[in-house]
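Reviewing the structure listed below.
Because the structure is predicted, anything quoted here is derived from the model rather than measured. Throughout, a chain's letter reflects where its sequence line sits, starting with A, and its residues are numbered from 1.
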Amino acid sequence: MARTVGERLALKSSRRFYLAPPGGGGIHPRPESAGRHADEFMEAPKLPVERKTLDQREQMNELQRIRHSAAHILATAVLRIWPEALLDIGPPTDDGFYYDFDLKGHRFSTDDFTRIEEEMKKVVKENQVFEKSVKTRDEAKAYFEGKGQSFKVERLADIPEGEAISFYQNGEFVDLCAGPHVLRTGNVKAFKLLRVAAAYYRGNEKNPQLQRIYGTAFKNKEELEQWLKQQEEAKRRDHRKIGKEMGLFAFDDDVGPGLPLWLPRGGVLVEELEKLAKETEFEAGYVRVRTPHIVKEKMYQLSGHLPYYAESMFPPMELKESPDDAHPTRYYLKPMNCPGHHKIFAAEPRSYRDLPLRLAEYGSCYRYEQSGELMGLMRVRSLQMNDAHIYCTPEQFAEEFRSVNEMYLKYFKLFGFEKYLMRFSTHDPSKLGQKFVDEPELWKKTEDMVRQVLVDSKINFVEVANEAAFYGPKIDVQVWSVAGREFTIATNQVDFAVPKRFGLTYKTRENEAATPLCIHRAPLGTHERFIGFLIEHYAGNFPLWLAPDQVRVLTIGDEPSLVEYARGIAEELRHHHVRVELDPGTDKINGKILRAEESKVHTMLVIGGREKDAGAVALRVHGKGNLGVKPRAEVIADILASIAERRAG
RNA sequence: GCCAAUGUAGCUCAGUGGCAGAGCAACGGUUUCGUAAACCGUAGGUCAUCGGUUCGACCCCGAUCAUUGGCUCCA
């Protein structure tokens, strides 16, 4: 995880297609699907993998070399046990390494790990030297053809003419490899195999599936142990685990995969986020709209979703005028909100005086994500987006974009996000009119403006050419789940193409029709993913304003006057809309505290005879322990202030 | 969608080709207590679903569903 942004980006692979309809030959823009924007609220485009130069490879740090060498040692061991295995590649990764094999007669399973690791240990103990040699292209080809290593033969073709074709050998194992490695196998002192997985050859699903073995390696056993411990820690923060423990959300087979049920405590998180967004957006001059969940097929033909996006949409429902109606009207569940908002723009005549028009909606969308892609709350099929579309004139554009960006930063500060990456995606001028809409001046102008906004805000960002949406540049905010997966949590996109497709116009001061520019933005992404991320970010220990259980009043015993005093406190808090419960039972105070701590109740007010007599409460805060006896009024005032100010603690 | 692993009480998990188990939670009592577990009892299960093998299947086999780990996808 210590990888720099640049390194991380370089590892990502790219398989985007804006273009290339099936069998369509030439490159031309995808239909201007409004939906495209919305989806990028959800998903990160992957970044292009560029073949590393030999210079870059030389800069591999020690840990990466260890891991790269560990991959070779793994392959050495596997070939000793299964000599018929075909080899693909075995690079270091962010937190370890893998090696891809094609092995017909055997499916790797974790049961094989002990055996493979034993063999790897032998290789390490043999302390073989990693010896580099150079072959000509023909020699290399002949060598691998002789061994039947067909993947290696194909990989040879990737090496540019003029670049040396190098091999590394340790013991009996020889691999096509640009290096670098550690000096000897004995330098790989701490490693562990982690999991097996399938991986398509060259990442293309049309290619054969290889068996991939993942592992990790460190400089020494201590660092390995520490990393394994951290992985355990991460598992405890997993939003799926905490969500179950805290009763935040649930899935049910009868409801369907990827369709979360928000339980009352999770519903609190939803409500609080919406409250935050509505206040923030109101202050920023947004107006709220609402659009239906189902929309006629015609709309998605106009937006361009059909037919290209159809497979990511739930299949349509058909309305027949009569049982044998040959032309039923089809309705689709909306996969995004943009088309509806465009129609709201179009619903009334617009003047330049109406702009900027900022239409906001926490819209419910449905997407038929592939079954294998679903992941807790992070990737779902029903989602609610913190969506808005800002329609404005070119003159207003920079200011609007800037204030959207500020809204992001305000949110991130509020939640204390530190580890995120803003990725600025721009166009490639050579692909204007193909991958990108042919508006060279608008591209340049808006990209310069976006870049300036980012520079002015002094936040870290990376700029990635050729990754913009076809209709304009954009900023994606990338975060990482505790499990290490990367997600787009928020997005801010410029659109100077789709409003035209919808025929949206406003009257200028000169009384001419002009097409507005549009900004698609979702700083809080979707409830599902954002809350999933928040759960992990806070490890379920939410600040008071967000905490599903804000306050619990615990009595020491159930003596009636004591319970009465405690109930009065709870009622006063509830009157101020604090989520408070009373625990008046006969359980021992230790037991009550244990249960409150376990369910992550933020503030516990312990009430015994002494507190009652003094008009006080004993304050205890989750994770902070007993904070002592304080006057009742003071504690209540502080609770209310903390909630109103959305304090961090 | 593809490959693999997993699926036992609300939760966390034991278990065996021959009557289905524990702790916590729930429920009923007893206990009247000072900052992370007082005690006793009760109830809770089509062992994911469907089919097969077997005298007998939670266990072995197959299919399906779901989850998880990857791959692919991500408009």
Side-chain angles (χ1 to χ4, degrees), chain A residues 13 15-19 21 30-46 98 100 107-111 194-214 238 240-241 244-245 247 250-258 300 303-313 335-336 338 367-376 379 469-470 483-485 487-488 554-559 562 585-599 604-611 618-620 622-623 625-629:
Chain A
S13 57
R15 265 155 233 120
R16 308 213 65 170
F17 59 100
Y18 296 93
L19 11 138
R30 283 191 76 81
E32 282 116 327
S33 78
R36 219 172 163 284
H37 336 147
D39 189 67
E40 302 197 333
F41 293 0
M42 292 299 293
E43 287 311 319
K46 291 184 180 169
Y98 66 82
D100 283 347
R107 286 264 162 223
F108 293 130
S109 83
T110 46
D111 297 337
L194 298 173
R195 61 183 75 97
V196 292
Y200 297 106
Y201 173 60
R202 287 179 188 272
N204 185 333
E205 64 180 325
K206 293 191 176 65
N207 288 340
Q209 258 189 350
L210 307 176
Q211 300 189 60
R212 175 173 296 180
I213 297 180
Y214 280 94
D238 191 306
R240 292 165 295 196
K241 184 172 164 60
K244 192 179 273 184
E245 288 165 356
F251 290 91
D252 187 300
D253 283 359
D254 292 339
V255 175
Y300 293 119
S303 71
H305 287 93
L306 296 172
Y308 293 109
Y309 190 55
E311 68 177 31
S312 293
M313 293 164 72
M336 75 294 304
C338 324
R367 298 176 182 180
Y368 192 77
E369 302 287 354
Q370 289 188 77
S371 57
E373 265 306 326
L374 302 174
M375 194 267 199
R379 189 73 176 265
F470 80 92
R485 269 200 224 169
F487 291 98
T488 297
L554 317 172
T555 60
I556 300 174
D558 64 346
E559 193 272 313
L562 198 63
T586 63
D587 285 349
K588 288 208 156 200
I589 191 63
N590 284 5
K592 292 184 182 183
I593 286 171
L594 174 75
R595 276 190 294 282
E597 291 281 358
E598 276 181 342
S599 50
M604 288 149 275
L605 304 180
V606 178
I607 307 297
R610 301 203 289 267
E611 287 74 24
L619 180 65
R620 183 186 174 97
H622 175 61
N626 185 358
L627 300 182
V629 177

- Query: Taking all non-hydrogen atoms of both residues, which atom of A/Gly585 and which atom of A/Thr555 are closest, and how far apart?
  - Reply: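 Scanning both residues completely, I find the closest heavy atoms to be O-OG1, 4.1 Å.
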Rounded to the Å, how far apart are [X] [atom1] and [N] [atom2]?
X	N	atom1	atom2	value
A/Asn207	B/G1	CG	P	21 Å
A/Arg379	B/G69	CZ	P	13 Å
A/Phe487	B/C73	CZ	C1'	14 Å
A/Phe108	B/A4	CZ	P	13 Å
A/Asp254	B/U49	CG	P	13 Å
A/Leu374	B/C73	CG	P	17 Å
A/Glu311	B/G1	CD	C1'	9 Å

Quick one: does [X]'s side chain get under 4.5 Å of [Y]'s, heavy atoms only?
X	Y	result
A/Asp587	A/Arg595	yes
A/Glu611	A/Leu562	no
A/Tyr200	A/Gln209	yes
A/Pro335	A/Arg367	yes

- Task: Answer with base, sugar-phosphate or nothing: what part of the nucleic acid does A/Gly247 contact at a heavy-atom distance below 4.0 Å?
- Result: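 A/Gly247: no heavy atom of the nucleic acid under 4.0 Å.
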- Query: What does A/Leu194 touch in the nucleic acid at a heavy-atom separation under 4.0 angstrom: a base, only the sugar-phosphate, or nothing?
  - Reply: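 Nothing, no heavy atom under 4.0 Å.
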- Task: Working to the nearest 0.5 Å, report the span between CG of A/Leu554 and CD1 of A/Ile607.
- Result: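 Rounded to the nearest 0.5 Å, the CG-CD1 separation comes out at 8.5 Å.
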- side chain to side chain donor-acceptor pair (under 3.5 Å) partners of A/Glu245, counting only residues at least two apart: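 Here the qualifying residues are A/Lys241.
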- Can you name the residues that form a side chain to side chain donor-acceptor pair (under 3.5 Å) with A/Lys588, not counting sequence neighbours?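 None.
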OP1 or OP2 of [N] versus the side-chain N and O atoms of [X]: is any pair under 4.0 Å?
X	N	answer
A/Arg107	B/A4	yes
A/Tyr214	B/C71	yes
A/Arg240	B/G69	yes

- Footprint string (nucleotides 32-37 of chain B, 5' to 3'): B base within contact, S backbone only, - free, heavy atoms under 4.0 Å: BBBBBB
- Item | Residues that A/Tyr201 engages under ring pair (Phe, Tyr, Trp, His ring centres under 6.0 Å), provided they are two or more places apart |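 With neighbours one apart ignored, the set is A/Phe151.
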- Query: Mind pulling the stems RNA chain B is in, i.e. runs of at least three Watson-Crick or G-U pairs, everything under 3.5 Å?
  - Reply: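 Stems (3+ consecutive pairs) listed as B:1-7 with B:65-71, B:10-13 with B:21-24, B:26-30 with B:38-42, B:48-52 with B:60-64.
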- Please evaluate the base of B/G70 for a donor-acceptor partner in the side chain of A/Tyr200 within a cut-off of under 3.5 Å?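 There is none.
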- Look only at the side chain of A/Gln211 and the backbone of A/Phe108, and say whether a donor-acceptor pair between them is shorter than 3.5 Å.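 Yes, A/Gln211 side chain to A/Phe108 backbone: donor-acceptor pair under 3.5 Å.
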- Item | Nearest-nucleotide 5' precedence on RNA chain B, A/Gln211 against A/Asp238 |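 With A/Gln211 and A/Asp238 compared, the 5'-side residue is A/Gln211.
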- In whole Å, what separates the C1' atom of B/G70 from that of B/C27?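 To the nearest whole Å, 44 Å.
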- For B/G29 and B/U35, measure between their P atoms and round to the nearest Å.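 Those two atoms are separated by 29 Å.
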- Syn or anti for B/C40, taking syn as within 90° of 0?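 B/C40: anti glycosidic orientation.
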- Message: Working note: A/Val629 + A/Arg610, criterion side-chain contact (heavy atoms from CB on, under 4.5 Å); need CA distance, chi angles, decisive distance, verdict.
- Response: CA-CA 9 Å; A/Val629 177; A/Arg610 301 203 289 267; over 6 Å; no
Would you list the protein and nucleotides 7-11 of chain B atom pairs, both N or O, that sit under 3.5 Å from each other?
none

- Show your working on side-chain contact (heavy atoms from CB on, under 4.5 Å) between A/Lys592 and A/Ile556 and close with a plain yes or no. CA-CA 9 Å; A/Lys592 292 184 182 183; A/Ile556 300 174; over 6 Å; no
